[in-house]
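One structure is given here, and the rest of the page talks about it.
Convention: sequence-line order gives letters A, B, ...; per-chain numbering from 1.
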Number of protein chains: 2
Amino acid sequence: MSGDRELTPTSYIVLGLLAEEPGTPYDLKARVAAGLGNFWSVQHAQLYTETARLASEGFLDEDRETEGRRRKTYSITKAGRAALSAWLDEDAVGELPEIRDPGLLKVYLGADPKVIAAAQVAAHKARLKEWENLKVALSTFEVPTGPGITLDAGINYARVSVKFWSSLL
Amino acid sequence: MSGDRELTPTSYIVLGLLAEEPGTPYDLKARVAAGLGNFWSVQHAQLYTETARLASEGFLDEDRETEGRRRKTYSITKAGRAALSAWLDEDAVGELPEIRDPGLLKVYLGADPKVIAAAQVAAHKARLKEWENLKVALSTFEVPTGPGITLDAGINYARVSVKFWSSLL
DNA sequence: ACCGTCATGTAATCGGTTACATGATTCT
DNA sequence: AGAATCATGTAACCGATTACATGACGGT
């Protein structure tokens with residue numbers, strides 16, 4: 001626990017994932033890859049630094065193995081849960097995402113739209129297929145609401161992108 | 001001109017904007033705000049550091065006023081143009097944007113979808129209206145292809161977002 | 001026993017954001 | 001002439017990406 005700072009999205013990702021179940025940074029890496037990473041990637045090194053930071057701020061408890069690998073397992077504290085749910089509830093006003101699409105950037109700066117569009121259509125189609133498969137695979141189980149919704153959002157976005165870029169061909 | 005590095009999107013934004021016409025970092029700020037900033041914002045401080053960096057690497061020429069404000073006006077060099085067009089042409093393969101939508105993140109991590117959706121619908125609608133107005137204002141003139149296309153993309157994205165979040169209400 | 005790959009972590013670098021600061025203009 | 005705002009720039013901090021490094025384990 002030390003000097004205050006504004007928590008970042010990465011902080012909340014860590015808190016959110018640990019809120020379900022304690023784990024090591026490496027576990028978190030796997031959890032991110034399992035779903036969240038599809039629309040919000042996190043470098044694995046961040047998971048080490050961010051867990052350490054959050055622990056030093058009192059949002060996580062750290063439990064280190066005494067033998068072998070001496071892995072550090074983190075679990076969320078009361079304060080951590082409080083910070084997380086404050087963030088989840090706050091800000092009904094909603095910040096909007098920036099688009100930040102590298103393809104669009106190139107078009108804006110003068111690239112040939114048709115060339116970019118061709119590549120984008122292919123890439124979005126590939127990702128769309130991947131996500132659709134994922135959805136089929138998951139729909140056999142109960143899909144927790146949050147991840148299910150974001151997957152739908154991703155699929156929706158990919159479809160729209162394919163349509164948009166196709167219109168430029 | 002010194003040690004090599006990979007140019008960043010910010011680098012290409014600077015190069016791209018200066019390719020049309022030389023200017024000071026402050027001019028660039030205005031140009032970004034005029035259009036690009038709608039989908040890819042750049043902090044003004046970056047425009048100072050990035051121009052300086054690019055100049056030291058030989059991609060820009062720097063011309064400093066000898067009197068008054070001693071403003072620095074930058075113009076793109078041959079090497080700069082070469083780097084820019086290499087980037088514009090390259091990578092037909094296309095990296096995809098990450099969604100990185102804060103609203104989606106909250107939903108994934110357990111926020112109440114309806115609450116988030118309500119805020120998102122409102123915010124996206126506001127931005128949509130703004131962009132539609134912008135489009136009307138611009139369509140009186142000839143809109144250069146690049147910016148025109150990205151504006152359409154933005155409008156399209158906003159419409160889809162409104163629809164998506166509305167479906168969760 | 002060796003090799004490759006997965007697991008696990010630390011260190012260094014660097015771009016980006018925030019904060020600070022001051023010189024011109026314009027308006028009242 | 002003073003206040004407010006726009007123009008213009010520098011400095012410090014910090015999170016994020018990249019690179020590096022080593023331990024365990026499964027297979028041949």
Inset, instruction - Could you check how far CZ of B:Arg100 sits from C1' of D:dT17, rounded to whole Å? - result: 11 Å
Inset, instruction - Kindly point out which of C:dT17, D:dG9, D:dT18 is positioned nearest to the side chain of B:Gln43? - result: C:dT17
Legend entry - Side chain of A:Tyr26 (C-beta onward), nearest among D:dG15, D:dT10, C:dT8: C:dT8
Inset, instruction - Specify the closest pair of heavy atoms between A:Leu17 and A:Arg31, including all atoms of both residues, with the distance to one decimal. - result: O-NH1, 2.8 Å
Legend entry - Spacing between B:Glu50 atom CD and C:dC14 atom C1', to the nearest angstrom: 11 Å
Legend entry - Electrostatic pair B:Glu90-A:Lys106, nearest N-O below 4.0 angstrom: yes
Legend entry - Residue B:Arg71, side-chain heavy atoms: nucleotide from C:dT18, D:dT17, D:dG9 that is nearest: D:dG9
Legend entry - Plane angle bin for A:Trp87 and A:Tyr12 - parallel if under 30°, tilted between 30 and 60°, otherwise perpendicular: parallel
Legend entry - B:Arg53 side chain near C:dC14 phosphate (N/O to OP1/OP2, under 4.0 Å): no
Inset, instruction - Check every strand shown and say whether A:Thr49 touches a base, only sugar-phosphate, or nothing at a heavy-atom separation below 4.0 Å. - result: nothing
Inset, instruction - Would you kindly give the CG-to-C1' distance between B:Leu54 and C:dG16, to the nearest whole Å? - result: 15 Å
Legend entry - Rounded distance in Å - CH2 (B:Trp40) to C1' (C:dG15): 13 Å
Inset, instruction - Report the nucleotide, chosen from C:dG15, D:dA7, C:dT10, that has the shortest atom-to-atom distance to any side-chain atom of A:His44. - result: C:dT10
Legend entry - Separation of D:dA16 C1' from A:Leu47 CG (nearest whole Å): 11 Å
Inset, instruction - Measure from the side-chain heavy atoms of B:Gln46 and tell me the nearest of C:dT8, C:dT17, D:dA16. - result: C:dT17
Inset, instruction - Figure out the CD/C1' separation between B:Glu6 and C:dT13, and round it to whole Å. - result: 15 Å
Legend entry - Atom pair distance, as rounded to whole Å: CD1 in A:Ile13 and C1' in D:dG15: 13 Å
Legend entry - Nearest heavy atoms of A:Leu168 and A:Ala117, plus distance in Å: CB-CB, 4.0 Å
Just distance, no hydrogens or angles: give the donor-acceptor pairs under 3.5 Å from side chains in residues 34-42 of chain A, sequence neighbours left out.
from    : atom 1 : to      : atom 2 : distance (Å)
A:Ser41 : OG     : B:Glu98 : OE2    : 2.5

Inset, instruction - Could you check which of C:dA11, C:dA7, D:dA7 has an atom nearest any side-chain atom of A:Ala45? - result: C:dA11
Inset, instruction - Could you check whether A:Thr24 gets within reach of a base, just the sugar-phosphate, or nothing at all, counting any heavy atom under 4.0 Å? - result: nothing
Legend entry - Shortest side-chain distance from B:Tyr48, nucleotide among C:dG16, D:dA16, D:dT10: D:dT10
Legend entry - Selection from D:dG15, C:dT8, D:dT8 that lies nearest to any side-chain heavy atom of A:Lys29: C:dT8
Legend entry - Residue B:Pro25, side-chain heavy atoms: nucleotide from D:dG9, D:dA16, D:dT17 that is nearest: D:dG9
Inset, instruction - Would you mind checking if A:Glu132 and A:Arg159 are paired as a salt bridge, meaning a charged N to carboxylate O distance below 4.0 Å? - result: yes
Legend entry - Check: B:His124 main-chain N/O paired with B:Ser161 side-chain donor or acceptor under 3.5 Å: no
Inset, instruction - Please report, rounded to the nearest Å, how far the C1' atom of C:dT8 is from the CG atom of A:Leu28. - result: 13 Å
Legend entry - D:dC13 OP1/OP2 closer than 4.0 Å to side-chain N/O of A:Arg5: no
Inset, instruction - Answer yes or no: is there an ion pair linking A:Glu50 with A:Arg5, defined by an N-O contact shorter than 4.0 Å? - result: yes
Legend entry - Terminal axes of the helix from C:dA1-D:dT28 to C:dT28-D:dA1 (five pairs each): angle between them, nearest 10 degrees: 20°
